[in-house]
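Remember, predicted model here, so these are calculated numbers, not experimental data. Just so it is clear, the values below take in all heavy atoms, side chains as well, and ignore hydrogens, waters and symmetry mates.
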Amino acid sequence: MDKERERMQELVAILDRAAAVYYSGEDEIMSNYEYDRLYDELSALEEKTGIILAGSPTVRVGYEVMGELPKEAHIAPMLSLSKTKDIDELSQWLGEHKGILSMKLDGLSIILTYENGVLVKALTRGNGEVGEVITNNARTFRNLPGKIPFQGRMVLRGEALIRYSDFEELNSQSTDMDSDSVNMYKNPRNLCSGSVRQLNNEITSKRRVRFYAYHLIELEGEGEIPSLSEGSKEDTLRFLIQQGFETAPYKIVDHESLSSAVEEFSGEVKTSDLPSDGLVLTYDDIAFSRTLGRTAKAPRDSIALKWQDETAETTLLEIEWSASRTGLINPVAVFEPVELEGTTVQRASVHNVSILQELKLGVGDRLTVYKANMIIPQIESNLTGSGTCKPPERCPVCDQETRLVTENGSTVLICPNEDCYAKQIRSLTHFVSRDALNIDGLSEATLEKLVSKRLVRSCTDIFSLKQYREEIITDDTMKIREKSFDNLMQAIDSARNASLPNVIYALGIRGIGLATAKDIVRTYPSLTLESFSEITKDELLAVDGIGENLADSVTAFFSEDKNIHTIQELSGVLQVSTPAPASEDSVISGKTFVITGSLHSFENRSACKEKIESLGGRVASSVSANTDYLVNNDVNSTSSKNKKAKELGIPVLTEDELIKMIEK
């Protein structure tokens, strides 16, 4: 009994850590298959011993609420679902009843409350009893109706998610040093979880989160409304659609049509833009459902079908160790190519050293592999178990000694070298961003691969990538084919002709944005890239807007030999030009503008900003007492910037009024 109890304690700790990481939106530390295997082992031990430890994931729902978001209790417990992978079991569960089979969306459960047609509250599921209040964030969900026809009180549950197409586009966008990056997230579910629980809803808005309704919890009001104590659940879904909500895709099924409906969904999910990790079957009859009650963790009127993953047998060729900007060195299994779910697969993440050791991986081992949720390649089992693969003693990127660290039951390999090239990914991403060198095609994910393969170690190495053409276009992990490579080389060649303010900004000096870089160049028109490295603190303090802290930041940057060396190398690969002096005769010279809202005459805000700056004006990001004009085509907007401008008595110009002012 003692050994069984110790194993149960160990399993609870491991599963707790995995669940905490999963629900917080961080990268997973183990595969779904591994989590389910350990969960099933714990369940079997609990049944055998009759003991359920406090905090066991078999009776706990969701994550423990942490952070700075307000908390609030749910009106009813938000439970999870019982699960099966067996269609026959699903059919037996349904029996002769009519059911609703819907896609189980892989996002974050959200509970919304509307009163008098307006959203008044949004909660995360949290630990099932208490959730986090994310009302302001929910109002930014792309497809969520801000106002609905129903004027009573309505509480509903659904899933917040980020579509695959949006995730891929967000992940492909270059980001600068000061902006929010999505590339730290490896799948839409993690990004959604991190996005929904932001303290700043502007970040949530940029992440393109959507909401799909699937359950009506409470409904009070007058008119033609479905009953929640009797009738059909399909009627409640139709009601939600009438109110302007999108619902999780569903089909009405019975005992005879269930299997074919599951088969149809299994085909649809492969091409669906919505992340899904299975199906949900619920009884359509509300009155019957109410008689069934619930267990401590799950309702008895619904059940989830986890996809029965297609597996294939293959041979392990090598373990590739990939260093990341966080210092983690992650193992990736490379095996003989196999066909899974209609695509060729030859690589799978092993997540960490603990899983490498548990799977006893060794080159030449026979593996069974699958695609989790039909999408993400994973190792199911090792049929040989030689255990000959060991973590490298030196970092594959910087060649410094590695270190094994064990925390919360998981062992990871790290590179402790702060100067490791892999840790410079953020700097490189900033260097190629739009307002810096503007090299289209070099996303953070691509840069991370180039660095891990030692093709890029510094920003100047980017300009030598042409020599690695064959190596790059033939590497399946890079996903850069000939046309993409040629486009990338063209973008890199174009970036060689750069404006000095953009290069200064690209250096990533703390606190020096593009606007400040332009101010420096405007103050010293004869400045060059080389002479910028010799600029003094007093010279910097003479620039409008630069104080002691910024001046110290610049001089500290150039006190390091490696940064001087970077300037020298960049001077050898770039043709750096100085912008023409801004007009001092313009009516807007010396004036400060803030631009907000959509534009119709200028191509975008950057074009408008460049025009203002070329005439001696300045563009700030926020309205303050120093602002002279706010540019907004919607002069009656109730946005925070318009409100602030009106409070301070700052004129609000339309785009046409700005153009007339400029042309005077």
Peer 1: Just by modelled atom types, is the I480 backbone N or O under 3.5 Å from a matching donor or acceptor in the S484 side chain?
Peer 2: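 No: the side chain of S484 does not pair with the backbone of I480.
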
Peer 1: Are the side chain of R142 and the backbone of R207 linked by a donor-acceptor contact shorter than 3.5 Å?
Peer 2: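 Such a contact is absent between R142 side chain and R207 backbone.
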
Peer 1: Minimum heavy-atom separation for I134 and R197, please, with both atom names.
Peer 2: CG2-CA, 4.5 Å

Peer 1: State, with a plain yes or no, whether a side-chain heavy atom of I659 is found less than 4.5 Å away from one of S601.
Peer 2: yes

Peer 1: Okay, side chain of R189, backbone of G107: is any donor-acceptor separation there less than 3.5 Å?
Peer 2: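 Yes: the side chain of R189 pairs with the backbone of G107.
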
Peer 1: Which distance, rounded to the nearest 0.5 Å, do you find between the CD1 of I595 and the SG of C608?
Peer 2: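 If we round to the nearest 0.5 Å, I595:CD1 and C608:SG are 3.5 Å apart.
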
Peer 1: Under the side chain to side chain donor-acceptor pair (under 3.5 Å) criterion, do T536 and E539 qualify, and how do the steps go?
Peer 2: CA-CA 5 Å; T536 66; E539 288 172 327; 3.3 Å; yes

Peer 1: Do H430 and S427 make a side-chain contact, defined as non-hydrogen atoms from C-beta onward lying under 4.5 Å apart?
Peer 2: no

Peer 1: Does the S195 side chain pair with the main chain of L191, one donor and one acceptor, at a distance under 3.5 Å?
Peer 2: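 Yes.
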
Peer 1: Give me the atom names and distance for the closest heavy-atom approach of L144 to L112.
Peer 2: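 Answer, listing the atom of L144 first, then L112: CD1-CD1, 3.5 Å.
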
Peer 1: To the nearest 0.5 Å, what is the distance between CD on Q243 and OH on Y114?
Peer 2: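 Here the interatomic distance stands at 9.5 Å.
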
Peer 1: Drop me the distance from K518's NZ to L500's CG, to the nearest 0.5 angstrom.
Peer 2: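 Atom-to-atom, K518:NZ and L500:CG are 12.0 Å apart.
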
Peer 1: Between R208 and K206, does a side-chain contact (heavy atoms from CB on, under 4.5 Å) hold up when you go through it step by step?
Peer 2: CA-CA 6 Å; R208 308 181 191 179; K206 292 177 181 177; over 6 Å; no

Peer 1: Where the side chain of H74 meets the backbone of R125, is there a donor-acceptor pair that is under 3.5 Å apart?
Peer 2: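 Here the side-chain-to-backbone pair exists.
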
Peer 1: Is any side-chain heavy atom of I462 less than 4.5 Å from a side-chain heavy atom of V432?
Peer 2: yes

Peer 1: Knowing that exactly one of N143, T247, I110 qualifies, which makes a side-chain contact (heavy atoms from CB on, under 4.5 Å) with Y212?
Peer 2: N143

Peer 1: When you compare the side chain of I217 with that of L156, does any pair of heavy atoms fall below 4.5 Å?
Peer 2: no

Peer 1: Using a 3.5 Å distance criterion without hydrogens, assess whether the side chain of T429 forms a donor-acceptor pair with backbone atoms of E444.
Peer 2: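 Not a single qualifying donor-acceptor pair exists.
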
Peer 1: For N633 and E655, which heavy atoms make the closest approach, and how far apart are they?
Peer 2: OD1-N, 2.8 Å

Peer 1: Taking it one step at a time, do E72 and K121 satisfy salt bridge (Lys or Arg N to Asp or Glu O under 4.0 Å)?
Peer 2: CA-CA 10 Å; E72 187 170 316; K121 188 191 306 176; 2.4 Å; yes

Peer 1: Once you round to the nearest 0.5 Å, how far does CG of N502 lie from CZ of R434?
Peer 2: 11.0 Å

Peer 1: Using only atom types and a distance under 3.5 Å, with no angle test, would you say the side chain of Q151 pairs donor to acceptor with the backbone of P149?
Peer 2: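 Yes, Q151 side chain to P149 backbone: donor-acceptor pair under 3.5 Å.
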
Peer 1: I535 versus L540: any side-chain heavy-atom pair under 4.5 Å?
Peer 2: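 Yes; the side chains approach each other to less than 4.5 Å.
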
Peer 1: Which atom names give the shortest non-hydrogen contact between R496 and V573, and what distance separates them?
Peer 2: NH1-O, 3.4 Å

Peer 1: Kindly check if the number of other-residue, nucleotide or ligand heavy atoms within 6.0 Å of CG (N497) is above 12?
Peer 2: yes

Peer 1: Is R153 close to L219 at the side-chain level, that is, under 4.5 Å between some pair of heavy atoms?
Peer 2: no

Peer 1: Measure the shortest side-chain to side-chain distance between V209 and T140 over non-hydrogen atoms and say whether it is less than 4.5 angstrom.
Peer 2: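 No - every pair of side-chain heavy atoms lies 4.5 Å or more apart.
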
Peer 1: Can you find a pair of side-chain heavy atoms, one from F463 and one from L574, that are under 4.5 Å apart?
Peer 2: yes

Peer 1: Working to the nearest 0.5 angstrom, can you tell me the gap between T592 OG1 and D628 CG?
Peer 2: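 That separation rounds to 5.0 Å.
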
Peer 1: May I have the step-by-step check of side-chain contact (heavy atoms from CB on, under 4.5 Å) for R210 and I162, ending in yes or no?
Peer 2: CA-CA 6 Å; R210 293 173 179 270; I162 295 174; over 6 Å; no

Peer 1: May I ask you to check whether over 12 heavy atoms, not counting those of E530, lie within 6.0 Å of atom CD?
Peer 2: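 Yes.
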
Peer 1: Could you walk me through whether D656 and H600 pass side-chain contact (heavy atoms from CB on, under 4.5 Å), step by step?
Peer 2: CA-CA 9 Å; D656 291 338; H600 53 75; 3.3 Å; yes

Peer 1: Given Y250 and Y214, is the ring pair (Phe, Tyr, Trp, His ring centres under 6.0 Å) satisfied, shown in steps?
Peer 2: CA-CA 9 Å; Y250 71 90; Y214 55 73; over 10 Å; no

Peer 1: If the threshold is 4.0 Å, N to carboxylate O, is there a salt bridge linking E613 and R618?
Peer 2: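 No, E613 and R618 are not salt-bridged.
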
Peer 1: Which atom names give the shortest non-hydrogen contact between K646 and V635, and what distance separates them?
Peer 2: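 Scanning both residues, the minimum pair turns out to be NZ-O, 3.9 Å.
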
Peer 1: Fit a plane to each ring of F532 and F558, take the angle between them on a 0 to 90° scale, and name the class: parallel (under 30°), tilted (30 to 60°) or perpendicular (over 60°).
Peer 2: perpendicular

Peer 1: Backbone N or O of L274 within a donor-acceptor pair of the S272 side chain at under 3.5 Å?
Peer 2: yes

Peer 1: Please determine if K483 and D486 form a salt bridge, counting it only when a charged side-chain N lies under 4.0 Å from a carboxylate O.
Peer 2: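 No, no charged N to carboxylate O under 4.0 Å.
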
Peer 1: Start with the C-alpha distance between D106 and S276, add both sets of side-chain angles, then the distance that settles side chain to side chain donor-acceptor pair (under 3.5 Å), and finish with yes or no.
Peer 2: CA-CA 5 Å; D106 192 18; S276 169; over 6 Å; no

Peer 1: Could you check whether K537 pairs with E548 (Lys NZ or Arg NE/NH1/NH2 to Asp/Glu carboxylate O, under 4.0 Å)?
Peer 2: yes

Peer 1: Can you establish whether the number of heavy atoms outside E560 located under 6.0 Å from its atom CD is more than 12?
Peer 2: yes

Peer 1: Count the heavy atoms of every other residue, nucleotide or ligand shown that sit under 6.0 Å from NZ of K644, and state whether that count exceeds 12.
Peer 2: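 For K644, atom NZ is not crowded (no more than 12 foreign heavy atoms under 6.0 Å).
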
Peer 1: Does K104 pair with E159 as a salt bridge, N-O distance under 4.0 Å?
Peer 2: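 Here K104 does not pair with E159 in a salt bridge, since their nearest N and O are not under 4.0 Å apart.
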
Peer 1: Under 3.5 Å, is there a donor-acceptor pair between the side chain of T516 and the main chain of I512?
Peer 2: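 Not at all, since once roles are kept as given, no pair shorter than 3.5 Å links the two residues.
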
Peer 1: Considering the options T596, D634, N632, which one meets the side-chain hydrogen bond (donor to acceptor under 3.5 Å, both in side chains) requirement together with N642?
Peer 2: N632

Peer 1: Let me confirm one number: the CG-OG distance from L428 to S458, rounded to the nearest 0.5 Å.
Peer 2: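 L428 CG to S458 OG: 7.5 Å, rounded to 0.5 Å.
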
Peer 1: Check L630 against A645 and note the closest heavy-atom contact, atom names and distance.
Peer 2: CD2-CB, 3.9 Å

Peer 1: Please state whether the rings of F211 and F245 are parallel, tilted or perpendicular, taking 30° and 60° as the class boundaries.
Peer 2: perpendicular

Peer 1: Between N563 and L507, does a side-chain contact (heavy atoms from CB on, under 4.5 Å) hold up when you go through it step by step?
Peer 2: CA-CA 9 Å; N563 294 328; L507 294 173; over 6 Å; no

Peer 1: Given the side-chain rings of F150 and F239, with only the six-membered ring counted for Trp, is the space between their centroids under 6.0 Å?
Peer 2: yes

Peer 1: Okay, side chain of T124, backbone of E132: is any donor-acceptor separation there less than 3.5 Å?
Peer 2: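 Indeed, once roles are kept as given, a pair shorter than 3.5 Å links the two residues.
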
